[in-house]
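Within every chain, numbering begins at 1; the chains are lettered A, B, ... in the order of the sequence lines, protein sequences first and strands thereafter. Values reported hereafter were calculated over all heavy atoms of this structure, with side chains retained and with hydrogens, waters and symmetry mates removed. All values derive from a computational prediction rather than experimental measurement.
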Amino acid sequence: MSEHKDFLRTIVEKDLKAGKYEEVVTRFPPEPNGFPHIGHAKSIAINFGIARDYNGHCNLRMDDTNPTTEDTKYVEALKDAVEWLGFDWEGDVRFTSDYFSKLYDYAIELIKMGKAYVDSVGEEEMRELRGTVTEAGKRSKYAERSVEENLDLFERMKNGEFKEGEHILRAKIDMSAANMKMRDPLMYRIRHEHHFRAGDAWAIYPMYDFAHCLSDYIEGVTHSICTLEFENNRDIYNWVLDTLGLEPPHPYQHEFARLGINYTVMSKRKLLELVESGVVNGWDDPRLPTIAGYRRKGYTPESILNFCDSIGIAKANSMVDLAQLEFSIRDDLNKKVPRVMCVLDPLKVTLTNYEGTEELDASYYPEDVPKEGSRKLPFSKEIYIDRADFMEEPPKGYFRLTPEQPVRLKHAYIITCKEVIKDANGTIVEIKAEYHPDSKSGQDTSGIKVKSAIQWVDGKAHKEVEVRLYDRLFACEAPEDIEDINTDSLKVINNALVEPAVVNEKPDERFQFEREGYFYADPVDYTDEKPVFNKIVGLKDSYSKKKKSPKSESKAQVKKVQVDGEVVPMNEAEQALFDRYTNTLKLNGMVADILARDEKLSAFYDEALNELDSPVNLANIVANDVARELKEKDVNTLNFSAKQIAELVKMLDDETISSKIAKQVFEEMVKSGENPRDIVEAKGLIQISDLAVISPIIDEVIAKNPDNVEKFKAGNTKLLGFFVGQVLKATGGKANPQVVNQLVNEKLK
RNA sequence: UGGGGUAUCGCCAAGCGGUAAGGCACUAGUUUUUGGUACUGGUAUUCGGGGGUUCGAAUCCCUCUACCCCAUCCA
């Protein structure tokens, strides 16, 4: 129903509307040092999605500024992922390395402005000089080098005249900045390393903080969207663009929370570890949360996109339940995919009263899936069913075949068990059963009631296939490392039996194996001789859930006790002020506390008090509303004066205006600096307390909302607010809310 | 410990002073030749805690608490 926008789209819309940009340009800027995972999918969906929604465009840019970790095989994987998800990037794939010489020029400009310098301290010393989060850092002695010297050194760095680590180019910002990122951040480091695209042309490589903002600018990006951990970097982002004095429009950075899913790891480092240690079989192992992995497993791009859509975009760190992803793929495949029969754990059934063979018609799709298509099902005396679908001594609520309970073979006949044959160990090896000739699917006249229909395959006319059953890679919700791995994450069934049409007709590459789950013909290992199917996801299973679920543990959670920290005690002057406020002016403790502790506020309050002797109302508005404005501004930059606030409160005291209107007028004063009386007059905001005026309006509101009147009378007293709100709305906020409140209450009684 | 963020149901997430959306999960029922799907209902007297302002607060003010990020020549 509600077409709400995420906060990024809200920003984009506002910017577009304000004419800040003509066209929205975003970018997806991965570093090509690993395979993209589903977290990247979220970023792709956001960046390309926003560009699409607002008729802009999105670039694909490889952020390749670190030659030691990056590789061209990863850029291919990245391109594949974006394409597979169905997005087109604008023009060619971009590379930060394409901008190296432009970036170099910008750096020189900064040096010339005295805003960057070559530092030559060692790594260790630099760390020490940087200070800590609580202590300011110190600039190294090299910060004093002349522009000429810096220019010379920097050029020689570029030419490869120095060893790695010998020199570094830093921005000259502020070594005592509270934001550690602003303590003269590094812009260039020396790397005698072969770059997979730039070759050996460069001996210096730009750092992220220098390269990223400028690359965005060069490409005309308007909204530079990244994850939360870059919040602290935003200051440098703006600093570089601003101090270079680049012609607007500038791009601006906005951050959202990265995706976390339980039972999986998402960090590139950990993923790399899993791949390199051989715990999984490559980057596209279906147990990995990589896009290649999901793709190999059989997920559709639509399902991934729907998932990204369903989890929303916000700024709170969160951990999404894996069930949400699984829902997305089931939901997608349910509408699309043919149903087919496969027996994972075969148990032979001989139909003692059946002779010959026949072919049964069977639709590929259930009635609720509006798709056409069917196949023939060979049927004969010998068939296989799944071992789990027969029980000699069934528990209560078991719907399948038992010695007493017949069952339907899906698309075929009802059968009744006659004899159970076991081997020497007591394991069941065969069932002898009888079929009911008049119970054929679609023309059943037998009148036999069965509780379920099970899958089966013909004893001879079937295909043997390999089925790979995947489970979550990790055993715990928030896995840390390899210790937490689920040792049962892959089960291979070598000889599952599938009905012949699956392999012969190949009606699709994804199937629902009835009553089991969704499966995908493995794109790599599948051959006609040995078909291989990957389990994408199981069907929802309310039976086994009911069976084991021991009802979630004690729900009676004790409410967490929260200890209150200590409040800083007031100093003497503050205490004196506080006492005066509470004792002689009769302010309540909280308000007095707020005022007394803040010099700006108490001064403002005292000034207003000189104008008007209304200590309580004045205190309230100062402590609540004026305080908000004074949080970031200084008294003399405010648009309004203490005198005007006194005037406002005067009107409140007179009941010329209501407190609701007072807030509105205050907002106006903040913006325009006009006199409160003028505002009230100009907008006609004088309070209406006349019953003769208010009463008919209430009647109208009541008449318009019979449902809510009903609910109110039934005891939903919260609705009082609704009615008052409606009346106030109808009067432009001018009705006296106290009067309205009382009147509504009476009328609804 | 300085700075920057974030707290609304088991998990996501709307909400921006006037009736606490929605999805997942859970649950009860209806339909069903998939224990699937679909459909119908049930799930927050309450928004991290405590105060204050207001006729009215998840929303404004004060304060406390918890968690995340920042001291790589990574991005």
Between [options], which one does the side chain of [X] approach most closely?
{"X": "Asp321(A)", "options": "rA71(B), rC11(B), rC55(B)", "answer": "rC11(B)"}
{"X": "Asn317(A)", "options": "rG52(B), rA71(B), rC68(B)", "answer": "rC68(B)"}
{"X": "Lys660(A)", "options": "rC12(B), rU34(B), rG17(B)", "answer": "rG17(B)"}
{"X": "Asn624(A)", "options": "rC61(B), rC55(B), rC74(B)", "answer": "rC61(B)"}
{"X": "Asn232(A)", "options": "rA25(B), rG3(B), rA38(B)", "answer": "rG3(B)"}
{"X": "Ala316(A)", "options": "rC12(B), rC73(B), rU6(B)", "answer": "rU6(B)"}
{"X": "Glu31(A)", "options": "rA38(B), rA75(B), rG49(B)", "answer": "rA75(B)"}
{"X": "Gln324(A)", "options": "rG36(B), rG23(B), rU46(B)", "answer": "rG23(B)"}
{"X": "Lys540(A)", "options": "rA20(B), rC26(B), rA13(B)", "answer": "rC26(B)"}
{"X": "Lys663(A)", "options": "rA57(B), rC11(B), rA71(B)", "answer": "rA57(B)"}

Rounded [atom1] spacing from [N] to [M] in Å:
{"N": "rG35(B)", "M": "rA28(B)", "atom1": "C1'", "result": "16 Å"}
{"N": "rA7(B)", "M": "rA13(B)", "atom1": "P", "result": "9 Å"}
{"N": "rG36(B)", "M": "rU31(B)", "atom1": "C1'", "result": "13 Å"}
{"N": "rC69(B)", "M": "rG49(B)", "atom1": "P", "result": "24 Å"}
{"N": "rG22(B)", "M": "rC39(B)", "atom1": "P", "result": "15 Å"}

Could you please name the partner base of [N], counting Watson-Crick and G-U wobble pairs only when both distances are under 3.5 Å?
{"N": "rC73(B)", "answer": "none"}
{"N": "rA66(B)", "answer": "rU6(B)"}
{"N": "rG35(B)", "answer": "none"}

Distance in angstrom units between [X] [atom1] and [N] [atom2], rounded:
{"X": "Gln687(A)", "N": "rU54(B)", "atom1": "CD", "atom2": "C1'", "value": "13 Å"}
{"X": "Asp564(A)", "N": "rG51(B)", "atom1": "CG", "atom2": "C1'", "value": "10 Å"}
{"X": "Met207(A)", "N": "rC70(B)", "atom1": "CE", "atom2": "P", "value": "15 Å"}
{"X": "Leu272(A)", "N": "rC74(B)", "atom1": "CG", "atom2": "P", "value": "17 Å"}
{"X": "Leu595(A)", "N": "rU53(B)", "atom1": "CG", "atom2": "P", "value": "13 Å"}
{"X": "Asp184(A)", "N": "rC70(B)", "atom1": "CG", "atom2": "C1'", "value": "16 Å"}
{"X": "Ile385(A)", "N": "rU34(B)", "atom1": "CD1", "atom2": "C1'", "value": "15 Å"}
{"X": "Phe399(A)", "N": "rU33(B)", "atom1": "CZ", "atom2": "C1'", "value": "14 Å"}

With hydrogens left out and only the distance checked, is there a donor-acceptor pair under 3.5 Å joining [X]'s side chain and the base of [N]?
{"X": "Asp368(A)", "N": "rG36(B)", "value": "yes"}
{"X": "Gln512(A)", "N": "rU34(B)", "value": "yes"}
{"X": "Arg515(A)", "N": "rU34(B)", "value": "no"}
{"X": "Arg330(A)", "N": "rG36(B)", "value": "no"}
{"X": "Lys718(A)", "N": "rU46(B)", "value": "yes"}
{"X": "Ser441(A)", "N": "rU33(B)", "value": "yes"}

**Request:** Kindly say whether His192(A) contributes a backbone atom to a donor-acceptor pair with the side chain of Glu164(A) at under 3.5 angstrom?
**Result:** yes
**Message:** Ring centres within less than 5.5 Å and planes less than 30° apart: is that true of Phe722(A) and rG18(B) in this structure?
**Reply:** no
**Asked** Tyr208(A) on top of rA75(B)'s base, within under 5.5 Å and under 30°?
**Response** no
**Request:** Give the intermediate values and the outcome of side-chain contact (heavy atoms from CB on, under 4.5 Å) for residues Met207(A) and Leu169(A).
**Result:** CA-CA 10 Å; Met207(A) 304 289 290; Leu169(A) 186 74; over 6 Å; no
Looking only at heavy atoms, which two atoms of [X] and [Y] are closest? And how far apart?
{"X": "Leu587(A)", "Y": "Ala592(A)", "result": "CB-CB, 4.3 Å"}
{"X": "Lys371(A)", "Y": "Lys336(A)", "result": "NZ-O, 2.9 Å"}
{"X": "Lys138(A)", "Y": "Met175(A)", "result": "O-CE, 3.4 Å"}
{"X": "Asp63(A)", "Y": "Glu31(A)", "result": "O-CG, 3.5 Å"}

**Message:** Please classify rU72(B) as syn or anti, treating any glycosidic angle within 90° of 0 as syn.
**Reply:** syn
**Request:** Take the angle between the ring planes of Phe230(A) and Tyr208(A) and call it parallel below 30°, perpendicular above 60°, tilted in between.
**Result:** tilted
**Asked** Would you call the rings of Phe723(A) and Phe712(A) parallel, tilted or perpendicular if under 30° counts as parallel and over 60° as perpendicular?
**Response** perpendicular
**Message:** Whether Arg189(A) contacts rC74(B) is assessed here as follows: a side-chain N or O lying under 4.0 Å from the phosphate OP1 or OP2. Is that the case?
**Reply:** yes
